[in-house]
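Bear in mind that the values here come from a model prediction, so they are computed numbers and not experimental data.
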Amino acid sequence: MARPREFDMDQALDAALSTFWTQGYEATSMTDLMEATGLHKGSLYKAFEDKHDLFMKSLTRYLDGAWAMSQATLTQAKTPLDSLRGWLEGAAQLCSKQPIQRGCMAMNTAIELGPHDGEVARLLRSHHERVSKLLTETIQRGQQ
């Protein structure tokens, strides 16, 4: 019988996400990920298939957080204009109000991996489509 996990998956993903966001995919080693998460290599490989799987789960976590922020901001403000202002401010803060300047993880990933990693490109495209749809709906509400 397999032993139960002795670590918090959310904390491990947050640590990996931060490392990938800061260094990029290619520049992040398994040693970097072990240091960031505090996990041994065996624990990482039991929880995640490989570095790419860990990256995809980290990127998904980042995009889901950005989506939740977008959805809340664009649907809860008093007016469509307030929604758009809030969304732009939130996006700018997400990417700039960090302990270190590292830009937007989605854009960084699109540049680094998008051209040659189909799985990454599909995930980013899907995120872009859902945010674009929400922005379009908000603009149309404002036009009405």
Side-chain angles (χ1 to χ4, degrees), residues 1-78 80-141:
M1 181 155 67
R3 289 188 341 198
R5 274 196 191 109
E6 296 178 10
F7 65 90
D8 184 294
M9 182 67 87
D10 290 331
Q11 288 178 346
L13 277 173
D14 286 342
L17 187 159
S18 182
T19 304
F20 284 126
W21 190 358
T22 301
Q23 298 177 190
Y25 177 78
E26 294 296 336
T28 299
S29 68
M30 286 305 291
T31 300
D32 295 330
L33 293 167
M34 290 184 320
E35 288 176 12
T37 61
L39 299 174
H40 297 286
K41 190 180 278 191
S43 296
L44 279 174
Y45 281 116
K46 283 180 187 170
F48 308 99
E49 293 173 25
D50 54 22
K51 177 181 155 182
H52 191 265
D53 181 53
L54 177 53
F55 178 78
M56 291 302 294
K57 286 182 171 70
S58 298
L59 179 59
T60 298
R61 187 172 182 84
Y62 174 88
L63 295 174
D64 287 348
W67 168 247
M69 185 274 300
S70 295
Q71 202 172 28
T73 303
L74 291 170
T75 60
Q76 295 175 4
K78 291 180 183 178
L81 185 57
D82 289 341
S83 294
L84 292 170
R85 280 189 183 122
W87 181 79
L88 286 170
E89 289 170 2
Q93 287 180 1
L94 175 67
C95 297
S96 66
K97 301 285 185 198
Q98 299 295 322
I100 55 174
Q101 294 299 309
R102 52 190 174 180
C104 172
M105 185 176 180
M107 297 312 278
N108 296 347
T109 300
I111 292 165
E112 181 183 9
L113 298 177
H116 60 273
D117 187 321
E119 187 177 4
V120 165
R122 280 187 295 280
L123 180 61
L124 291 172
R125 191 176 315 110
S126 173
H127 175 72
H128 175 77
E129 287 170 359
R130 69 183 177 174
V131 172
S132 292
K133 182 176 186 264
L134 190 57
L135 284 167
T136 300
E137 291 168 356
T138 303
I139 292 167
Q140 287 171 342
R141 275 196 333 269

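Contact check for Thr22 versus Thr28: no side-chain heavy atoms found under the 4.5 Å cut-off. Side-chain contact between Phe48 and Met9 is present, with at least one heavy-atom pair separated by less than 4.5 Å. Thr109 has its side chain out of reach of Phe20: every pair of non-hydrogen atoms, C-beta onward, lies at least 4.5 Å apart. Side-chain contact between Glu119 and Leu113 is absent, with no heavy-atom pair separated by less than 4.5 Å. Side chains of Leu54 and Leu13 form a contact here, defined as non-hydrogen atoms less than 4.5 Å apart.
Under a 3.5 Å cut-off, the side chain of Trp21 and the backbone N or O of Leu59 do not form any donor-acceptor pair. A donor-acceptor contact shorter than 3.5 Å links the side chain of Glu112 to the backbone of Tyr25. Side-chain atoms of Thr19 come within 3.5 Å of backbone atoms of Ala15 as a donor-acceptor pair (strictly under, hydrogens ignored). Between the side chain of Asp14 and the main chain of Gln11, no donor-acceptor pair closer than 3.5 Å is present. When atom types are taken as modelled, the side chain of Thr138 and the backbone of Leu134 share a donor-acceptor pair closer than 3.5 angstrom. The backbone N or O of Met105 lies less than 3.5 Å from a partner atom in the side chain of Tyr62, making a donor-acceptor pair. Between the side chain of Asn108 and the backbone N or O of Arg102 there is at least one donor-acceptor pair closer than 3.5 Å.
A distance of 7.5 Å separates CZ of Arg61 from CG of Leu17, quoted to the nearest 0.5 Å. Note that CG of Asp82 and CG of Leu74 are 11.5 Å apart. Values are rounded to the nearest 0.5 Å. Atoms NZ and CG, from Lys51 and Leu33 in turn, are 7.0 Å apart once rounded to the nearest 0.5 Å. Here the straight-line distance linking atom OG1 of Thr136 with atom CD of Glu129 works out to 11.5 Å at 0.5 Å rounding.
Here Lys133 pairs with Glu137 in a salt bridge; the nearest charged N to carboxylate O distance falls below 4.0 Å.
The local environment of NE2 in His116 is crowded, with over 12 non-hydrogen atoms from other residues, nucleotides or ligands closer than 6.0 Å. Within a 6.0 Å radius of NE2 in His52, more than 12 heavy atoms belonging to other residues, nucleotides or ligands are found. Within a 6.0 Å sphere centred on CE of Met107, heavy atoms belonging to other residues, nucleotides or ligands number 12 at most.
Nearest heavy atom pair, residue Ala110 against residue Pro115, reads O-CD, 3.3 Å. Taking all atoms of both residues into account, the shortest heavy-atom contact from Met34 to Leu44 is CG-CD1, 3.6 Å. Taking both residues in full, the closest heavy atoms of Gly114 and Ala121 are given as O-CB, 3.8 Å, listed atom of the first, atom of the second, then distance.
Side chains of Arg141 and Thr75: a donor-acceptor N/O pair is absent below 3.5 angstrom, by distance only.
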